[in-house]
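Below you'll find the structure, written out as structure tokens, and then a few comments.
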Amino acid sequence: MAPLYEAIEFGIADKFIVRAIAQAYNNSIDSVTKAFKKAGDVGTAAESLYRGHDDHLSIEKVYDLLFTITQTSGIGSREKKIRLLAELLSSVGRLSSRYLTRIPLDKLRLGFSDMTILDALSWMLNGNKSARVKLEEAYNVRPDIGYLAKTIKEHGMKGLSHVGVKVGAPILACLCQRLPNADEMIKKMGRVAVEPKYDGVRVQIHYQQTTKTFSRNLENTTDMFPELQNIGKQLNAREVILDSEAIGLDPKTGKLISFQETTTRKRKHDIAETLLKVPLKFFVFDILYKNGESLLSVPFSKRRRILEETIRAGNSLVVSEQIITDSAAALRVYHDKQLKKGLEGAVVKKWDSPYEPGRRGYTWVKFKEEEGKTGKLTDTIDAVVMGYTSGEGKRTAFGIGQVLLGVRRGDDFVTVTKLGSGATEKELGGLFQSLKKLRMKEQPKEYKDVDKVYYPDVWVSPKLVLEIAGDDLTKSKKHGAGYSVRFPRLVRIRPDKSPHEVTTVKEVETLFKQQ
DNA sequence: AGTGACTGCCC
DNA sequence: ATTCTGC
DNA sequence: GCAGAATGGGCAGTCACT
């Protein structure tokens, strides 16, 4: 409904949609939940329960009502949002109920999104994709499909001529691709800059007397970083747009802290106190604009020189270090050094490439784990499947969306993570065949301290073992193991292992301390 | 004042 | 974030 | 190789309820 950089939220997700459908079509919350689980999609669930009357509302009317929902807050707002959505659902047709329910979830599932629409706009103008490149350039600095469509509909491509980089208007961030190893990176990218990969949050800094900042997804985060309001003295420039990673320091030791701790700075209350508890360093690694000039198409080698000339030593901003190389061996050595320092790894950047927003091409590549390994964790974890959920969308066909995994504590099992990534469709099918035989009516007695939020659709007896990988272990307040896995994924199914052989809580703790 | 349910946004 | 899949 | 669609932990914020 709105461009990324406008903070418009519905405040409605799965649970509230279910309640709205229940209210609109006169069903119990339970039966709607069941229909939702069965369909694996709110849209088809709404459709199947549809009991409304089509008032032929205009698109404007629907838009207005949805917008009203986004603007509703305060005491009584939850009921009101649900009521507004329910009223809307009861006055549209059956088919509309499918899409209307998906809108707040951002799950229209039409098989296309912004990029495809750029192609479509090009077809609209030229009957082919020839305008895509230009459209994409405009999109990069004005990621607002509605605005672009309207502009070229009215003025053709000429209408885009004034769409350019502007301080205060967020630019689509350049993201990293992945490649399996250093050799591939050098082969694909040639001469590269290699920089430390900090495990913090992305901050795009816009400065022109005052500072505005944007997150990786272009949310305005200005209020979170009051320390950036006085960076003028760190800049040899009137106006700039910088790209950086912010990471917290331990105020006593000055050491970098974990992502989990850094992220407590992501707040809008008590900012002044938290600022002292969690001071941030902004590792600046790119410059996109300086004194009226866009640097997006300038090669990185040159941008880097400009960046170094622009930043002065000071409290908040630090120019990120780097090496330049075209040797895979040197790249490997540098990457290993970053891991030893406790950083996330390295980012490898094509030395002569322009700033390429999005994740296309191989201009930036992340290098996190050691070669040949899955995940950064020193060892994989063997965990037992405690239950599974039926899954949404495509997963519905396999009967499994995710599995709840446990590790051993004495003769009991406690949860350590859920897992939904890494299985091929064939493996998912296989998992379902194995697990449906292990179905239990109730939570098995040996499953201890399971938090409600993890209750699966189906409990299974502890038989099937999975080997999983991850990037980090985190301290967990919710998982019974006391720890959990960051970015968990399936390595392989271990029919050869018995549940008694799975990793123990003690071993998980040891792994945590090794990090 | 404290807690739990839910959501949105970081990774 | 990671991973898989259809095109 | 891209675009899309499944899925993860965990933080803060908001609102409802006790």
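In this text, all values refer to a predicted model and were calculated from it rather than measured experimentally. Chain letters run A, B, ... following the sequence lines, proteins first, then strands; residues in each count from 1.
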May I have the distance from A:Phe259 (atom CZ) to C:dA1 (atom C1'), rounded to whole angstrom? 9 Å
Presence of A:Arg486 side-chain N/O under 4.0 Å of C:dT2 phosphate oxygens OP1/OP2: no
Hey, does the side chain of A:Ser215 come within less than 4.0 Å of B:dC10's phosphate (OP1/OP2), counting only N and O? yes
OP1 or OP2 of B:dC11 versus the side-chain N and O atoms of A:Thr263: is any pair under 4.0 Å? no
Taking for each residue the nucleotide of DNA chain C bearing the nearest heavy atom, is the 5' side occupied by A:Gly422 or by A:Phe487? A:Phe487
Atom CZ of A:Phe10 and atom P of B:dC9 are separated, to the nearest Å, by 12 Å
Once rounded to the nearest 0.5 Å, what's the spacing between atom CG of A:Leu228 and atom OG1 of A:Thr222? 9.0 Å
Using whole Å, what does the distance between atom C1' of nucleotide C:dT3 and atom CZ of A:Arg178 come to? 10 Å
So, OP1 or OP2 of D:dA16: does either fall under 4.0 Å of a side-chain N or O from A:Arg78? no
The side chain of A:Met115 lies closest to which of these nucleotides: B:dC11, C:dT3, D:dG4? D:dG4
Less than 4.0 angstrom between a side-chain N/O of A:Thr116 and OP1 or OP2 of D:dG4, yes or no? yes
Does a side-chain N or O of A:Arg109 approach OP1 or OP2 of D:dA6 to a distance below 4.0 Å, or not? yes
Interatomic spacing from CZ in A:Phe367 to CG in A:Asn181 - rounded to 0.5 Å: 7.5 Å
If every non-hydrogen atom of A:Ser97 is compared with every non-hydrogen atom of A:Leu89, which pair is closest and at what distance? CA-CD2, 4.1 Å
Let me know the distance between CG of A:Asp472 and C1' of D:dG10, rounded to the nearest Å. 13 Å
Measure the distance from CG on A:Leu179 to P on D:dG1 and round it to the nearest whole Å. 8 Å
How many whole angstroms separate atom CG of A:Asp106 from atom P of D:dA5? 11 Å
Need to verify one output field. Residue with the more 5' nearest nucleotide on DNA chain C, A:Lys426 or A:Glu344? A:Glu344
Face-on cation placement of A:Arg142 at A:Tyr147 ring, 6.0 Å and 45° thresholds: yes
Between A:Gln177 and D:dG1, does any side-chain N or O lie under 4.0 Å from OP1 or OP2? no
Has A:Lys452 got a side-chain N or O lying under 4.0 Å from the OP1 or OP2 atom of B:dA5? yes
With rounding to the nearest 0.5 Å, note down the distance linking CZ in A:Arg202 to CG in A:Leu218. 10.0 Å
With nearest nucleotides of DNA chain D determined for A:Arg132 and A:Gly393 from heavy-atom distances, which residue corresponds to the more 5′ nucleotide? A:Arg132
Phosphate OP1/OP2 of C:dT2: any A:Lys368 side-chain N/O under 4.0 Å: yes
A:Lys80 atom NZ is separated from D:dT14 atom P, nearest whole Å, by 18 Å
If the cut-off is 4.0 Å, is A:Lys268 near the phosphate of D:dT14, judged by side-chain N/O to OP1 or OP2? yes
Using a 4.0 Å heavy-atom cut-off across all strands, classify A:Thr374 as base, sugar-phosphate, or nothing. sugar-phosphate
Do the side-chain N or O atoms of A:Arg267 get closer than 4.0 angstrom to the phosphate oxygens (OP1, OP2) of D:dA12? yes
For D:dA3, does either OP1 or OP2 sit under 4.0 Å from a side-chain N or O belonging to A:Arg360? yes
Under 3.5 Å, is there a donor-acceptor pair between the A:Asn217 and A:Ser215 side chains? no
CG-CZ distance between A:Asp14 and A:Arg19, expressed to the nearest 0.5 angstrom: 13.0 Å
Looking at D:dG9, I'd like to know if its phosphate oxygens (OP1 or OP2) sit under 4.0 Å from a side-chain N or O belonging to A:Thr417. yes
Candidates D:dT7, D:dG10, C:dG6 - which lies nearest the side chain of A:Ser484: D:dG10
5'-most contact on DNA chain D: A:Lys266 or A:Ser77, nearest heavy atom basis? A:Lys266
Just compare B:dC11, B:dC9, D:dT7 and give me whichever is closest to any side-chain atom of A:Arg216. B:dC11
Could you tell me the separation between the NZ atom of A:Lys477 and the P atom of B:dA5, rounded to a whole number of Å? 16 Å
Distance test, side-chain N/O of A:Lys394 to OP1/OP2 of C:dC4, below 4.0 Å: no
